Protein chains: 2
Amino acid sequence: MIATAPVAAAGSRDLPHPAPEEIRLEGVLHALSDPLRLQIVRELAADADELSCSQFELPVSKSTTTHHFRVLREAGVIRQIYRGTAKMNGLRRDDLDDLFPGLLDSLLDAAARQAARHGGAETPGHDGGE
Amino acid sequence: MIATAPVAAAGSRDLPHPAPEEIRLEGVLHALSDPLRLQIVRELAADADELSCSQFELPVSKSTTTHHFRVLREAGVIRQIYRGTAKMNGLRRDDLDDLFPGLLDSLLDAAARQAARHGGAETPGHDGGE
DNA sequence: TGCGTACTACGAGAGTTATCGTACAAGCCG
DNA sequence: CGGCTTGTACGATAACTCTCGTAGTACGCA
């Protein structure tokens with residue numbers, strides 16, 4: 001059997017994702033209650049639809065990064081698919097908006113406000129003011 | 001011996017609350033990521049401004065109840081004051097709305113949706129007709 | 001084919017959390 | 001005054017989480 005079948009790319013390694021109805025609010029909140037994961041989600045929401053794990057500059061080891069991405073995926077916050085050796089990450093915005101309308105936006109807005117208030121260095125466009 | 005109370009004020013026992021600017025989003029999310037605490041907050045939001053700890057029917061011991069209320073208070077989600085032997089609990093809706101506009105509503109709405117989806121027969125608060 | 005890159009799995013250690021029971025303090029009421 | 005209700009404090013324990021390093025797998029490229 002010669003492996004002439006390209007297999008439509010990324011069919012071999014599938015990652016388990018919770019179905020929309022399996023996503024629990026508590027799980028989402030817990031996933032987002034970690035500063036690192038909240039930051040990941042913020043970048044994911046701000047930058048693009050798909051980012052590979054290695055494009056994040058996180059102050060932790062690779063193992064820990066993998067761990068955090070898995071927590072986010074298993075909570076139903078992000079979607080992960082393999083693309084060659086890279087694993088692309090995308091927010092499950094549609095599913096979350098369907099389950100909890102407005103929640104993700106509020107969460108991201110809250111995170112942006114807090115970042116602007118405390119750091120001021122992150123999140124472009126928002127100029128404090130109080 | 002005349003027991004002249006050293007400290008007057010209706011409540012000699014004061015509880016420490018975080019100032020608004022000390023409230024962290026991650027802390028709030030973490031506090032709300034526990035099913036028990038999420039339920040407490042839902043009841044608090046639905047029923048009234050002030051409820052004593054004993055008015056909640058939680059499936060845990062008194063010690064654990066105290067613990068959860070403290071977590072909520074220290075995260076800045078609720079406000080607690082003594083009233084005789086009872087400790088009254090109230091949501092810090094104004095502070096939270098000021099810090100994270102719309103977040104609390106989204107959260108409560110999301111929790112209500114999930115409760116309706118999964119249980120349908122949720123105990124907390126008959127919020128006046130439905 | 002062999003090498004480098006990207007990510008995972010496993011095991012471990014430190015820290016945190018949830019839960020309990022018991023013992024205790026503060027206020028109300030008869 | 002004594003007792004009841006309400007909630008706290010203090011251990012203790014089990015479970016979970018975050019973190020790491022090392023070893024290993026999957027894939028692309030020369």
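Quick caveat: nothing in here was measured; it's all calculated off a predicted structure. Residue numbers start from 1 in every chain, and the chains themselves are labelled A, B, ... in the order their sequence lines are given, proteins ahead of strands. Side-chain atoms are counted along with the backbone in the values below, which use heavy atoms only and exclude waters and symmetry mates.
If you take CG of L58(B) and P of dG7(D), they are 11 Å apart, rounded to a whole angstrom. Whole-Å rounding puts the L15(B) CG to dG7(D) C1' distance at 11 Å. In this structure, NE2 of H67(B) is placed 18 Å from P of dA12(D), rounded to the nearest angstrom. Taking atom CG of residue L32(A) and atom C1' of nucleotide dT17(D), one finds them 16 Å apart after rounding to whole Å. Between the CZ atom of R83(B) and the P atom of dG7(D) there is a distance of 13 Å, given to the nearest Å. In this entry the distance linking CG of L36(B) with C1' of dC20(C) reads 14 Å, nearest Å. Here the P atom of nucleotide dT17(D) and the CG atom of L29(A) are 15 Å apart, to the nearest Å. Atom CG in N89(A) sits roughly 11 Å away from atom C1' in dC7(C) (whole-Å rounding).
Between T66(B) and P59(A), it is T66(B) whose nearest contact on DNA chain D lies nearer the 5' terminus.
For the OP1/OP2 pair of dA18(C) and a distance below 4.0 Å, the side-chain nitrogens and oxygens of R37(B) include at least one atom meeting the criterion. A sub-4.0 Å separation between OP1 or OP2 of dG7(D) and a side-chain N or O of S54(B) is present. The phosphate of dT17(C) has neither OP1 nor OP2 within less than 4.0 Å of any side-chain N or O from H68(B).
Within a 6.0 Å sphere centred on CD of E22(A), heavy atoms belonging to other residues, nucleotides or ligands number more than 12.
Of all nucleotides listed (dT17(C), dT19(C), dC18(D)), dT17(C) comes nearest to the side chain of H30(B). Ranking dT5(D), dC20(D), dA9(D) by closeness to the T85(B) side chain, first place goes to dT5(D). Listed nucleotides dA18(C), dG7(D), dC7(C) differ in distance to S52(A); the shortest reach to its side chain belongs to dC7(C).
A side-chain contact (heavy atoms from CB on, under 4.5 Å) with L91(B) is found for exactly one of L72(B), V41(B), I40(B), namely V41(B).
Salt bridge status for R83(B) with E50(B): present, with a side-chain N to carboxylate O gap under 4.0 Å.
When hydrophobic clusters are built by joining Ile, Leu, Val, Met, Phe, Trp and Tyr residues whose side-chain heavy atoms come closer than 4.5 Å, directly or via intermediates, I81(B) is not grouped with I78(B).
Taking a 4.5 Å side-chain heavy-atom cut-off between Ile, Leu, Val, Met, Phe, Trp and Tyr, the cluster of V71(A) contains only that residue.
Of all non-hydrogen atoms in A45(B) and L108(B), the two that sit nearest each other are CB-CD1, 3.6 Å.
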- [ ] Begin from the C-alpha positions of R92(B) and H17(B) and carry the test side-chain contact (heavy atoms from CB on, under 4.5 Å) through to its verdict.
- [x] CA-CA 11 Å; R92(B) 292 183 66 173; H17(B) 290 78; 4.0 Å; yes
What are the atom names and distances for every N/O pair under 3.5 Å that joins the protein to nucleotides 21-24 of chain D?
| residue | atom | partner | partner atom | Å |
| --- | --- | --- | --- | --- |
| dG21(D) | N7 | S63(A) | OG | 3.2 |
| dG21(D) | O6 | S63(A) | OG | 2.9 |
| dT22(D) | O4 | S63(A) | OG | 3.4 |

